[in-house]
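For reference, the structure discussed in these notes is given below.
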Amino acid sequence: MNYKPAELDGLQLAQLQQFESELRKQTAIDIVVVAYQITAEPEGSGAAASGK
């Protein structure tokens, strides 16, 4: 599987940032959440094709 940064709209991004803020308050640790989405692998480029 391949991943790329998730395409979030303004509201979704704000929700993610709010979640980060809540985690920081709960843990006293500077936490950053990263969102990725799965992308389709091009034919023949998977681990099996490369022998891995």
Side-chain angles (χ1 to χ4, degrees):
M1 281 187 271
N2 290 325
Y3 298 89
K4 69 175 190 171
E7 296 177 20
L8 303 176
D9 64 27
L11 177 60
Q12 293 164 333
L13 183 56
Q15 290 173 327
L16 187 62
Q17 291 168 333
Q18 179 64 37
F19 179 62
E20 287 177 333
S21 178
E22 291 173 15
L23 284 175
R24 286 185 196 115
K25 289 177 187 174
Q26 292 174 14
T27 63
I29 299 170
D30 193 18
I31 294 175
V32 176
V33 178
V34 180
Y36 289 97
Q37 63 189 46
I38 297 173
T39 61
E41 288 187 31
E43 195 70 28
S45 67
S50 65
K52 294 182 182 179

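On a predicted model such as this, the values are computed, not experimentally measured, just so you know.
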Run the side-chain donor-acceptor check on residues 26-33: report pairs under 3.5 Å with partners two or more places apart or on a different chain.
residue	atom	partner	partner atom	Å
Thr27	OG1	Leu23	O	2.7
Thr27	OG1	Ile29	N	3.2
Asp30	OD1	Arg24	NE	3.0

Legend entry - Glu7 to Gln12 - nearest heavy-atom pair and separation: O-OE1, 4.2 Å

Legend entry - Qualifying salt bridge (Lys or Arg N to Asp or Glu O under 4.0 Å) pairs with a residue from residues 9-18, counting only residues at least two apart or across chains: none

Legend entry - Single-linkage hydrophobic cluster Val34~Ile38, side-chain heavy atoms < 4.5 angstrom: yes

Inset, instruction - Taking all non-hydrogen atoms of both residues into account, name the closest pair between Thr39 and Tyr3 and its distance. - result: OG1-N, 4.0 Å

Legend entry - Non-hydrogen atoms of Leu8 and Ala35 that approach each other most closely: CD1-CB, 4.2 Å

